[in-house]
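Every chain is numbered from 1, with letters handed out A, B, ... down the list of sequences.
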Amino acid sequence: MDKNYDAAAVEERWYARWEEAGCFAADPNAEGEPYAIVIPPPNVTGRLHIGHALNNSIQDILVRWKRMQGYNAVWIPGTDHAGIATQSVVERELRKEGLDRREMGREAFVDRVWAWKEEYGSTIIRQLRKMGCSCDWERERFTMDEGLSDAVKEVFIQLYDEGLVYQGDYIINWSPGLLTALSDDEVEYEEVNGKLYHLRYPVEGGEEGEYIVVATTRPETLMGDVAVAVNPRDSRYSDLKNKKIILPVIGRELQVIEDDYVDPEFGTGIVKITPAHDPNDFDMGRRHDLTPINVMNPDATMNEGAGPYAGMDRFEARKKLMADLEAQGLVEKVEDHLHKVGHCYRSKTVIEPRLSRQWFVKMKPLAEKAMEAVDSGELKFVPERWNKVYMNWLTNIRDWCISRQLWWGHRIPIYYADSTGEVWASRETPTQSPQGATDIRQEEDVMDTWFSSWLWPFSVHGWPEESDALNKWYPSNDLVTAPDIIFFWVARMVMAGIKFRGEIPFDTVYLHGVVRDKEGNKQSKSLGNSIDPLKVIEEFSADALRFSLITLNATGQDVRIGPNDFEMGRNYSTKIWNAARFLQMQGELAEAQGMDADRLSSDDRHLLLRMHECIRDCTENLERYRFNEYSHSLYSFIWNDICDWYVEYAKGPIHSGDEALKQHTLAVAHLAFSTALRMLHPLMPFLTEELWANMGYQGEAEFLMKSAWPQPLSQDQRTAWGLSQETMNFVEAKRDLIRAARQLRSDYNLKPSQMIDYIVVPARPELQEALDMEKASIEGFIRGTLCVDSAYEPQGAAPGLLSKSGHVYMPVDGLIDVEAERERIAKQLKETEGHIQRGQGRLSNEKFISKAPPEVVEQAQEQQRTLVEKADKLRLLLKSLGA
RNA sequence: GGGCGAUUAGCUCAGUUGGUUAGAGCGCAUGCUUGACAUGCAUGAGGUCACAGGUUCGAAUCCUGUAUCGCCCACCA
């Protein structure tokens with residue numbers, strides 16, 4: 001094995017081998033319980049960012065782990081056609097060439113987008129491979145594939161036939177930047193410092209110069225006013241309804257309506273009603289039978305309805321109008337006003353509520369069953385708190401505006417025959433209408449991108465066709481995503497799954513946090529603070545990227561990460577690589593005789609028991625979606641138990657000259673190490689697979705990724721090997737002795753070459769023999785000899801430390817600073833006395849004795865005895881130092 | 001206006017159902033080119049667990065309130 005680990009070469013090589021050997025490909029007819037994950041399909045325009053890296057690391061851990069556990073596991077990859085995003089990208093490209101999609105025509109433009117998709121659309125998919133993602137690429141899907149398009153069509157038509165899809169004139173969120181309608185969820189509200197304009201509307205039929213004052217944040221909609229409204233209980237305006245209000249500029253007569261919606265406390269208590277440009281006004285308009293007047297064009301310039309302002313941009317019109325009103329003395333005042341303004345999530349332009357004809361899905365009937373799924377516990381969120389968010393959204397769900405005025409997307413399968421006035425839905429492109437008309441045209445609008453994504457868990461398997469894959473892997477098991485798409489995607493998938501397959505699409509939704517920078521800002525391209533996962537892979541490795549992301553990210557919490565955090569993963573890889581080199585340098589695995597149960601030393605037993613615990617912890621933590629804890633338990637098992645202690649211990653037996661002992665020890669080491677590699681594989685697939693091959697573990701399984709996930713040791717096995725808590729305690733005590741000896745050396749600045757004759761006075765008589773027997777292994781750690789002597793009384797300069805094994809003395813005349821030593825021990829004594837006092841308080845408390853569980857009391861008593869003993873020894877020691 | 005999350009070592013964060021002397025990584029200090037590893041080893045310093053009450057034999061952990069930061073939802077013109 002090379003001295004250095006060449007991650008880049010190893011990662012590329014193994015990914016190719018896995019793919020060639022078909023390791024990722026799943027067969028629905030193969031053995032094993034099904035386990036499936038569908039990827040949250042990234043936008044086809046997307047490039048891998050750090051959030052994807054986290055999201056996909058988690059999915060890959062789950063699917064690799066389940067595969068090793070013997071499940072028939074599949075991870076279905078794919079991309080989303082991302083209507084708005086993709087169309088924008090291609091339009092931008094066209095602009096650079098001086099082209100415009102309107103001039104090209106729809107068909108040519110869509111062809112162009114397809115061409116773009118073929119060329120650039122797989123960027124993110126390539127990047128997922130770099131990360132080591134074990135997706136079944138043969139099953140890769142795209143939301144505009146033929147099959148998925150059929151699913152979309154099928155669903156639309158079914159819903160249309162059931163009356164759950166309808167067309168209507170409503171106020172929708174209009175993006176003037178994209179010239180399309182958006183769903184409510186695609187609007188981002190931002191707090192902005194705006195103005196509240198108080199405008200005077202003349203009153204006719206009253207006194208000369210009489211006016212009312214209305215408050216508005218959007219004066220440019222004034223030309224669309226058709227009424228003013230007051231609260232019926234507002235006594236100030238009870239006689240207003242008999243008067244006529246004159247709309248400034250236009251001179252239109254406005255009626256006065258009364259509506260409970262109006263808040264008398266806000267502004268002047270009078271609201272201008274503009275049904276075509278405000279959702280609340282639209283509702284009121286319907287209640288009072290008012291005809292809306294639209295004063296804007298789709299691009300948010302004013303139309304002819306806006307009179308003198310026609311043709312102006314909405315904000316320019318606002319300025320001009322205010323100046324004109326000011327000149328006419330119609331402005332009461334203008335106040336600063338902090339309020340939320342909706343922005344388009346893609347183009348960032350200010351959303352214009354706009355009255356238009358759109359297609360909607362009735363959501364209430366779908367939502368009810370989706371709520372039941374959580375109520376019954378069938379569907380679980382991790383962390384659980386997201387239940388509430390999900391339920392809250394479904395409870396207040398509104399109809400879903402699914403039509404988009406775009407060209408890139410699933411065109412709505414609705415046809416019109418103008419001569420007969422027919423409107424119908426059709427799976428096939430019709431040549432004539434049901435009544436025989438031939439002047440037919442298809443609806444121009446396409447569907448919201450999410451209208452294909454909500455079918456993803458079953459459309460990927462070819463639905464509406466039945467298939468083995470669909471039957472095997474629907475429903476899937478875990479969905480891994482970020483909380484920001486609970487509404488867009490998760491909830492809608494649940495609804496679609498229940499509606500069209502009769503089963504929820506997954507049983508657990510794991511929601512991970514957002515990746516932020518060290519200052520806590522969300523990482524984003526626009527902030528320029530984003531870490532490029534590919535650069536991390538280049539500089540550190542894919543394994544390091546995965547390790548650091550997972551280890552630093554607590555379940556469901558946001559994670560702050562800086563560029564240096566990936567060193568942790570790199571260092572870990574190096575450490576493991578070197579541990580492997582050490583083992584390999586001791587000879588080929590074939591030479592190892594296998595472990596001999598009769599030869600197990602206390603260190604062997606300790607390691608095996610720690611291995612057992614680690615298997616148990618890793619499995620449990622993965623089951624509970626505690627990926628960071630899974631990583632931490634392995635990290636300390638490998639670094640502390642295997643490297644720091646066992647490998648150091650093993651050097652004794654290895655160099656003892658006893659070949660059988662050496663082989664036995666190596667066998668124990670290999671067992672622990674190979675088990676660790678298995679458990680680490682889902683997190684760091686490349687390094688572990690490389691070592692699996694280098695170490696010659698392939699006899700068990702050609703690919704580590706296809707080997708079995710380890711099982712905790714059975715009780716029988718543990719008994720047979722003598723793995724008990726007593727062994728653990730003894731080894732801990734022994735190591736504490738070693739730590740004490742090392743600390744003494746360190747405190748007195750001894751050179752490594754300085755050999756010392758340590759003396760230990762055993763804490764308990766039975767330790768005398770046990771420690772004596774382990775002298776050799778202890779001496780391997782402490783650079784000196786050890787004498788176990790319960791009769792020893794320190795004389796002269798013999799600093800000592802108390803360990804769990806007993807008092808460790810390091811007699812060194814003339815080498816130490818007695819005063820400093822005295823101080824140190826006095827400090828220790830004081831601490832100990834403090835603990836004793838606290839323990840005393842507890843133990844002398846009647847209620848503690850009577851109410852606390854017996855084992856806790858016993859534990860406290862035991863601890864107290866130890867502390868008292870420790871204090872006594874410290875006093876003795878102090879005395880020996882001449883205090 | 002509602003809801004949620006966070007507040008623990010200099011920094012980034014763990015801490016399962018309350019139970020020994022609250023942990024990790026990074027950083028810091030000291031000493032080590034020891035035959036796997038300086039991307040390392042050893043040792044150490046560093047915390048009244050945001051604040052105030054409460055429940056309990058016992059609270060970082062449970063309850064109430066307060067403060068600060070962040071996120072989500074909601075039609076206040």
Side-chain angles (χ1 to χ4, degrees), chain A residues 1 3-5 189 196 214-218 229 261-263 265-268 270-274 278-283 337 339-340 353 383 385-386 388-389 392-393 396 483-484 486-487 513-514 516 518 520 522 540 548 551-554 556-562 564-565 567-568 570-586 620-621 624 626 628-629 632 635-636 643-644 647-648 651 655 739 742-747 749-753 783 831-832 834-835 838-839 842 845-853 855-857 859-860 862-864 866-867:
Chain A
M1 274 171 72
K3 184 160 174 167
N4 293 311
Y5 173 53
Y189 288 89
L196 189 58
V214 298
T216 180
T217 51
R218 296 164 62 233
Y261 166 77
V262 181
D263 177 3
E265 304 296 314
F266 189 88
T268 56
I270 306 180
V271 189
K272 69 196 246 340
I273 303 299
T274 323
D278 182 279
N280 300 309
D281 292 8
F282 177 78
D283 290 344
H337 184 60
H339 66 143
K340 305 260 181 147
R385 67 183 131 91
W386 294 107
K388 242 187 184 172
V389 175
N392 191 43
W393 185 75
N396 302 307
D484 54 346
I486 289 184
F487 308 139
V514 173
R516 299 174 180 283
K518 283 287 187 192
K522 193 168 170 171
F540 297 99
S548 293
T551 306
L552 292 172
N553 182 26
Q557 267 344 109
D558 287 353
V559 54
R560 290 188 186 199
I561 228 160
N564 298 333
D565 287 321
E567 285 173 13
M568 197 193 302
R570 192 254 334 250
N571 295 353
Y572 188 36
S573 304
T574 309
K575 187 73 182 176
I576 296 168
W577 180 257
N578 280 303
R581 279 180 65 225
F582 170 80
L583 288 180
Q584 215 197 27
M585 286 161 79
Q586 312 315 320
E620 200 181 296
N621 286 322
R624 301 171 61 209
R626 293 174 172 262
N628 63 326
E629 291 184 44
H632 277 123
Y635 185 86
S636 68
C643 295
D644 291 345
V647 166
E648 291 311 314
K651 287 173 183 171
H655 298 126
R739 276 186 215 105
R742 283 168 165 176
Q743 190 184 332
L744 285 167
R745 291 189 82 92
S746 175
D747 284 351
N749 246 327
L750 299 189
K751 290 266 176 288
S753 54
R783 315 217 127 238
E831 262 174 37
T832 309
H835 293 149
R838 211 187 301 177
R842 212 147 68 120
N845 185 340
E846 289 270 342
K847 287 181 180 167
F848 172 68
I849 304 292
S850 58
K851 290 200 178 177
E855 62 270 23
V856 172
V857 176
Q859 211 171 22
E862 170 64 27
Q863 179 197 346
Q864 196 67 2
T866 315
L867 285 170

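- Side-chain atoms of A:Lys388 stay outside donor-acceptor range of the base of B:C4, with no qualifying N/O pair under 3.5 Å.
- Checking the phosphate oxygens (OP1, OP2) of B:U43, a side-chain nitrogen or oxygen of A:Arg742 falls inside 4.0 Å.
- Side-chain N/O atoms of A:Arg570 include none lying less than 4.0 angstrom from OP1 or OP2 on B:U39.
- In this structure, A:Asn396 places its CG atom 13 Å from C1' of B:C72, rounding to the nearest Å.
- The distance from atom CZ of A:Arg581 to atom CG of A:Asn4, rounded to the nearest 0.5 Å, is 8.0 Å.
- A:Lys340 has no side-chain polar atom (N or O) that falls below the 4.0 Å cut-off from OP1 or OP2 of B:C75.
- Note on A:Glu620: nothing from the nucleic acid sits closer than 4.0 angstrom, heavy atoms only.
- Between the P atom of B:C37 and the OH atom of A:Tyr572 lies a distance of 19 Å, rounded to the nearest Å.
- In the set B:C37, B:A77, B:U34, B:A77 carries the atom at the smallest distance from any side-chain atom of A:His337.
- Across all strands, A:Arg739 comes closer than 4.0 Å only to sugar-phosphate atoms, never to a base (heavy-atom distances).
- Note: CZ (A:Arg560) to P (B:U12) measures 6 Å, nearest angstrom.
- Regarding contacts with the backbone of B:G40, a side-chain N or O of A:Asn571 is found under 4.0 angstrom from either OP1 or OP2.
- One finds a side-chain N or O of A:Lys3 lying less than 4.0 angstrom from the OP1 or OP2 phosphate oxygen of B:C37.
- B:U48 and B:C4: their P atoms are spaced 31 Å apart (whole Å).
- Closest to the side chain of A:Asp747, from the set B:U43, B:A14, B:A77, is B:U43.
- With a cut-off of 3.5 Å on both pairing distances, the Watson-Crick or G-U wobble partner of B:C71 is B:G3.
- Contact annotation: side chain of A:Gln586 to base of B:A36, donor-acceptor pair absent below 3.5 Å.
- Heavy atoms of A:Asp263 sit under 4.0 angstrom from at least one base atom.
- The NE2 atom of A:His339 sits 17 Å away from the C1' atom of B:G1 (whole-angstrom rounding).
- Between B:C63 and B:G23, the distance separating the two C1' atoms is 27 Å to the nearest Å.
- Comparing the P positions of B:G44 and B:G3 gives a spacing of 49 Å, expressed to the nearest Å.
- Searching all strands for a Watson-Crick or G-U wobble partner of B:G40 with both distances below 3.5 Å returns B:C32.
- Across all strands shown, A:Asp644 has heavy atoms under 4.0 Å from sugar-phosphate atoms exclusively, and none from any base.
- Distances shown here put a side-chain N or O of A:Gln743 below 4.0 Å from the OP1 or OP2 atom of B:G44.
- To the nearest angstrom, C1' of B:U34 lies 15 Å from CG of A:Leu750.
- In this model, the phosphate group of B:G15 is approached by a side-chain N or O of A:Arg626 to a distance below 4.0 Å at OP1 or OP2.
- Rounded to an integer number of Å, the gap from A:Arg783 CZ to B:C41 P is 16 Å.
- The C1' atoms of B:A50 and B:C69 are separated by 11 Å, rounded to the nearest whole Å.
- Seen from the ring of A:Tyr635, A:Lys575 does not count as a face-on cation partner, given the 6.0 Å and 45° thresholds.
- Listed candidates were B:A36, B:C13, B:C73. Nearest to the side chain of A:Phe487 is B:C73.
- For A:Tyr261, the listed nucleotide lying nearest its side chain is B:C76; candidates were B:G15, B:A24, B:C76.
- Taking side-chain N and O atoms only, A:Lys851 has no distance below 4.0 Å to OP1 or OP2 of B:U56.
- The CG atom of A:Asn392 sits 9 Å away from the C1' atom of B:A74 (whole-angstrom rounding).
- The P atoms of B:G25 and B:G53 are separated by 36 Å, rounded to the nearest whole Å.
- Nucleic acid contact class of A:Pro483 (heavy atoms, under 4.0 Å, all strands): none.
- Using a 4.0 Å heavy-atom criterion, one finds that A:Glu862 contacts no nucleic acid atom at all.
- Spacing of P atoms, B:A74 relative to B:G65, comes out at 26 Å, to the nearest Å.
- Phosphate contact (OP1/OP2 of B:A36, side-chain N/O of A:Lys651, threshold under 4.0 Å): present.
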